[in-house]
Structure formats: C-alpha cells, structure tokens
Amino acid sequence: MIELSRFVIIFFLVCLNYIFLFTGIWSWTPDLFIIFVMFLSVQKKHLPNTYLFITYGFVIDLFFSNQTLPYILSFFLIGAYLNLSNIKWTQRSLLEQLIMIILVSLFLNILLIFTNDYYLDIQSRLIFNPLLNASIWILIFMTQRHKWLKNF
C-alpha cells in the first residue's frame, strides 16, 4: 500500500512538472523527481532495492523523454550508490549527499539535452537545476536531521 501511494505521488509530480513545462518555468525549477526519490530513500530504515529506483525512472521517462534513458539511468545511479553505501553514513554526510545530487542532476540534464528536443531553455537548466536541487536538499536535511539521528 505504501508503494502505491508513492506511485500516486510520482504521478502528481508528473502533472506538476507538466504545468512547469507549459508555463515555461521548468528550466528555473528544481528537479522534483530527484528530490522526491532522495527524500524517500532516507525516510525508510531499509533502503528499497535498485529495481524500485529504476521503476520510478521508467515511469518518469514514459512521460518526459523521447527515449527511456535519462531518468532510468540517473535513478539507477542513485539507487546503486545508496545501496552500496551505509544508510547511516549517508545520512550523516551532507557534503557527500550534495556532491551526489549535483553530479546526478548535471548528468541528468546533459542526458535530457541529448535525448529531448522539445525542452525550451534547457541550457539554463543545466546551470541552475543542480544548484536548486542541492539547496532544497540542504533545507530537507536541516529540517529532518533530528529524526534521522534518532535512528542510530
């Protein structure tokens, strides 16, 4: 039941992302999907397996990509990194989380440039999106850190 609610949230984010695309502010907004997946991965005591990350990426690619590659590959990298690292160590290390978010956001936006031709002003997204994703993650980390540290 919990996974079903997460897929409902993904579809809500898909609708919100379409609104961002149609209004033209998509290139100036953070990537809601990366923030969502990262937030879900630290809310659970046990990490979901990498296949769930790939499934999330596939669902998003169905709606937003000409090819099913950018989000699948990006979410695979997130899932593989988180499953290879210790979740407690990941929760303590804000710098490593920020580096991962910035690198994955940059990689994802480069893939979107090469696979999609209908996004407007994607070059500015290449610059602003990783920084916005990292700043939102700092806010999430600072507000949720006291809950995470209780798990130790």
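The first residue of the sequence shown is numbered 1, and numbering continues consecutively from there. A quick note: this is a predicted structure, and the numbers were derived from the prediction, not measured.
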inquiry  = If you apply the rule side-chain contact (heavy atoms from CB on, under 4.5 Å), what do you find for Phe107 with Leu73, and how did you get there?
reply    = CA-CA 9 Å; Phe107 179 70; Leu73 193 56; 3.5 Å; yes

Taking it one step at a time, do Phe7 and Tyr56 satisfy ring pair (Phe, Tyr, Trp, His ring centres under 6.0 Å)?
-> CA-CA 8 Å; Phe7 278 105; Tyr56 286 148; 5.1 Å; yes

message = Using the rule given for ring pair (Phe, Tyr, Trp, His ring centres under 6.0 Å), can you reason through Phe63 versus Phe11, listing the C-alpha separation, both sets of side-chain angles and the distance that settles it, and then say yes or no?
response = CA-CA 10 Å; Phe63 291 100; Phe11 284 116; 5.6 Å; yes

Checklist entry - Between Phe75 and Phe33, is a side-chain contact (heavy atoms from CB on, under 4.5 Å) present by the stated rule, with each step listed? => result CA-CA 9 Å; Phe75 284 9; Phe33 304 118; 3.8 Å; yes

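Here the straight-line distance linking atom CG of Leu108 with atom CD1 of Ile78 works out to 8.5 Å at 0.5 Å rounding. Between Asn17 atom CG and Phe20 atom CZ the span is 7.0 Å, to the nearest 0.5 Å. Interatomic distance, CD1 of Ile101 versus CD1 of Ile34, reported as 8.0 Å (0.5 Å rounding). The CZ atom of Phe141 lies 5.0 Å from the CG atom of Leu94; values are rounded to the nearest 0.5 Å.
Residues Trp137 and Met142 have side chains not in contact (no heavy-atom distance under 4.5 Å, counting atoms from C-beta outward).
When all heavy atoms are compared, the tightest approach of Thr50 to Phe76 is CG2-CD1, 3.5 Å.
In the hydrophobic clustering of ILVMFWY residues, with side-chain heavy atoms under 4.5 Å counting as a link, Leu32 and Ile138 come out together. Note on Ile35 and Ile19: separate hydrophobic clusters, where clusters join Ile, Leu, Val, Met, Phe, Trp and Tyr whose side-chain heavy atoms are under 4.5 Å apart, directly or indirectly. No single ILVMFWY cluster, assembled from side-chain heavy atoms under 4.5 Å apart, contains both Ile140 and Leu131.
Between the side chain of Ser105 and the backbone N or O of Ile102 there is no donor-acceptor pair closer than 3.5 Å. Asn133 places no side-chain N or O within donor-acceptor distance of the main-chain N or O of Pro30, the cut-off being under 3.5 Å. Judged purely by atom type and a 3.5 angstrom limit, Asn49 uses its side chain to pair as donor or acceptor with the backbone of Leu52. Side-chain atoms of Asn129 come within 3.5 Å of backbone atoms of Thr29 as a donor-acceptor pair (strictly under, hydrogens ignored).
Annotation: Phe36, atom CZ; neighbour count of heavy atoms from other residues, nucleotides and ligands within 6.0 Å is above 12.
Classified by interplanar angle (parallel below 30°, tilted 30° to 60°, perpendicular above 60°), the ring pair Tyr18/Phe22 is parallel.
With respect to Asn109, the side-chain contact (heavy atoms from CB on, under 4.5 Å) criterion is satisfied by exactly one of Leu112, Leu106, Leu111: Leu112.
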